[in-house]
Colleague: 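One structure, pasted below without further comment.
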Amino acid sequence: MTQETTKIPHATAKRLPLYYRFLKNLSSSGKQRVSSKELSDAVKVDSATIRRDFSYFGALGKKGYGYNVSYLLSFFSKTLDQDELTKVVLIGVGNLGTAFLHYNFIKNNNTKIEMAFDVSEDKIGTSIGDVPVYHLDQLEEKLKDENIEVAIMTVPAGAAQNITDRLVSSEVKGILNFTPARLNVPDHIRIHHIDLAVELQSLVYFLKNYSGDDTELSQDTEIPE
Ligand code: ATP
């Protein structure tokens, strides 16, 4: 990340990839400007928030003109380090892990799962979606060789903390945790936790209890802190 991002509030920083994806689509369809209302309708973030977010980047939309798409796009691209490929490792090549290896994020972002790890002999030595699967014993060695700082974890919950400790010792700085386990890490490590079962249960709960009386909850794409 560049220097500029350190001054941007966390909540704004989390919305950057969302803006970036939409602006990329706009730009490839040849659009040169966009209003905060159009952006708001597309990304489902209210336009006051968008204007405030954009003001942090020095992008002040002009009344009746909106924002310049290519300016914003080059700003986001720089800020999100899109010129540089970020390598990622994945640990746990089960159903979910396998799906990620096939998907591999490269279509939308400049991030790529470079290698995967597992303990199952059936999987070690294979390649899934062109990503080689190694034994977990090789984790430290491979991370060091490739200088990788980001990991996706799709192992059973019981294995998560031990693997996390090993990742932290290997200089990994960020972990996308898909296991239900809550992880203990030092302050300088960033964990983003996505518990799909909890998300689904929460969606069903809101549908049952709030459906129809709160439009904000019906399309809650506001990304939490
Ligand atoms: P998923 O939850 O991803 O759909 P699954 O139900 O197919 O997976 P799980 O039992 O959750 O299987 O295991 C996910 C993957 O993690 C499996 O490929 C398993 O071999 C692997 N795994 C289990 N324990 C460890 C461990 N300690 N280290 C690395 N990988 C592990």
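Because only heavy atoms are used, hydrogens play no part in the values below, and waters and symmetry mates are left out as well, while side chains stay in. If you're wondering where the values come from, they're calculated on a predicted model, not measured in any experiment.
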Colleague: Are L176 and H192 packed together at the side-chain level, in the sense that at least one heavy-atom pair is separated by less than 4.5 angstrom?
Modeller: yes
Colleague: Are I50 and Y19 close enough, and set up right, to give a side-chain contact (heavy atoms from CB on, under 4.5 Å), and what steps lead you there?
Modeller: CA-CA 9 Å; I50 290 181; Y19 296 143; 3.6 Å; yes
Colleague: If we only count heavy atoms from C-beta on, is the N104 to K112 side-chain gap below 4.5 Å?
Modeller: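 Heavy-atom side-chain distance check passes, below 4.5 Å.
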Colleague: For the atom pair OH (Y67) and CZ (R51), what is the distance rounded to the nearest 0.5 Å?
Modeller: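 Rounded to the nearest 0.5 Å, the OH-CZ separation comes to 6.5 Å.
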Colleague: Side chains of E38 and L26: does their closest heavy-atom pair fall under 4.5 Å?
Modeller: no
Colleague: Got a second to check how far S47's OG is from D53's CG, nearest 0.5 Å?
Modeller: 11.5 Å
Colleague: Between K142 (side chain) and E140 (backbone), is there a donor-acceptor pair under 3.5 Å?
Modeller: no
Colleague: So which heavy atom on V93 is nearest to which on A116, and how close?
Modeller: CG2-CB, 3.8 Å
Colleague: Quick check: is V88 connected to V168 through a chain of hydrophobic side chains (ILVMFWY, heavy atoms under 4.5 Å apart)?
Modeller: no
Colleague: Any donor-acceptor pair under 3.5 Å linking the side chain of S55 with the backbone of R52?
Modeller: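 The answer is yes, because a donor-acceptor pair under 3.5 Å joins these two groups.
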Colleague: For T154 and I91, indicate whether the former's side chain and the latter's backbone hold a donor-acceptor pair under 3.5 Å.
Modeller: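 Yes, T154 side chain to I91 backbone: donor-acceptor pair under 3.5 Å.
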Colleague: Are there more than 12 heavy atoms of other residues, nucleotides or ligands under 6.0 Å from atom NZ of K31?
Modeller: yes
Colleague: How are the rings of Y71 and F75 set to each other: parallel, tilted or perpendicular (split at 30° and 60°)?
Modeller: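 Taking F75 first and then Y71, their aromatic rings lie parallel (interplane angle under 30°).
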Colleague: Evaluate the side-chain proximity of V150 to K87: yes if any heavy-atom separation is below 4.5 Å, no if none is.
Modeller: no
Colleague: Check whether K123 reaches the backbone of V133 with its side chain - one donor and one acceptor, N or O, closer than 3.5 Å.
Modeller: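 Such a contact is absent between K123 side chain and V133 backbone.
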Colleague: What distance do L72 atom CG and L23 atom CG have between them, rounded to the nearest 0.5 Å?
Modeller: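 Between atom CG of L72 and atom CG of L23 there are 5.5 Å.
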Colleague: Check the surroundings of atom CG in D130: do more than 12 heavy atoms from other residues, nucleotides or ligands lie under 6.0 Å from it?
Modeller: no
Colleague: Side-chain contact, heavy-atom cut-off 4.5 Å: L183 with M153?
Modeller: yes
Colleague: Do V131 and L90 belong together in a cluster built from hydrophobic side chains that touch within less than 4.5 Å?
Modeller: yes
Colleague: Would you compute the distance between atom CG of N184 and atom CD1 of I189 and round it to the nearest 0.5 angstrom?
Modeller: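 One finds 12.5 Å between CG of N184 and CD1 of I189.
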Colleague: Please check if the side chain of H135 supplies one atom and the backbone of E121 the other of a donor-acceptor pair under 3.5 Å.
Modeller: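 Pair absent, no side-chain N/O of H135 close to backbone of E121.
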Colleague: For the pair F178 and F100, name the ring-plane relationship: parallel under 30°, tilted 30 to 60°, perpendicular over 60°.
Modeller: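 It falls in the tilted class, 30° to 60°.
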Colleague: Could you tell me if the side chain of L143 sits less than 4.5 Å from the side chain of L167, heavy atoms only?
Modeller: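 Counting from C-beta outward, L167 and L143 do come under 4.5 Å.
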Colleague: Side chains of L136 and I163, heavy atoms from C-beta outward: is any pair under 4.5 Å?
Modeller: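 Sidechains of I163 and L136: in contact.
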Colleague: Contact between V172 and V89 at the side-chain level, heavy atoms closer than 4.5 Å - yes or no?
Modeller: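 Result no, sub-4.5 Å side-chain heavy-atom pair not found.
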Colleague: Do L96 and V119 share a hydrophobic cluster, counting only Ile, Leu, Val, Met, Phe, Trp and Tyr and linking them when any side-chain heavy atoms are less than 4.5 Å apart?
Modeller: no
Colleague: Is there a path of hydrophobic side-chain contacts, each under 4.5 Å between heavy atoms, that joins L196 and Y103?
Modeller: yes
Colleague: Show the nearest heavy-atom pair for residues R166 and D137, with the distance to one decimal.
Modeller: NH2-CA, 4.1 Å
Colleague: Is V43 linked to F76 within one hydrophobic cluster, defined over Ile, Leu, Val, Met, Phe, Trp and Tyr using a side-chain heavy-atom separation of less than 4.5 Å?
Modeller: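 Same hydrophobic cluster.
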Colleague: Would you compute the distance between atom NZ of K173 and atom CZ of R190 and round it to the nearest 0.5 angstrom?
Modeller: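 Interatomic distance, K173 NZ to R190 CZ, rounded to 0.5 Å: 14.5 Å.
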Colleague: Over 60° means perpendicular and under 30° means parallel, so tell me whether Y134 and F117 are parallel, tilted or perpendicular.
Modeller: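 Y134 vs F117 ring planes: tilted.
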Colleague: Just verifying a value: how many Å separate D195 CG and T179 OG1, rounded to the nearest 0.5 Å?
Modeller: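 That separation rounds to 7.5 Å.
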Colleague: Please say whether more than 12 non-hydrogen atoms of neighbouring residues, nucleotides or ligands are located less than 6.0 Å from CD in Q32.
Modeller: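 Incorrect, the count does not exceed 12.
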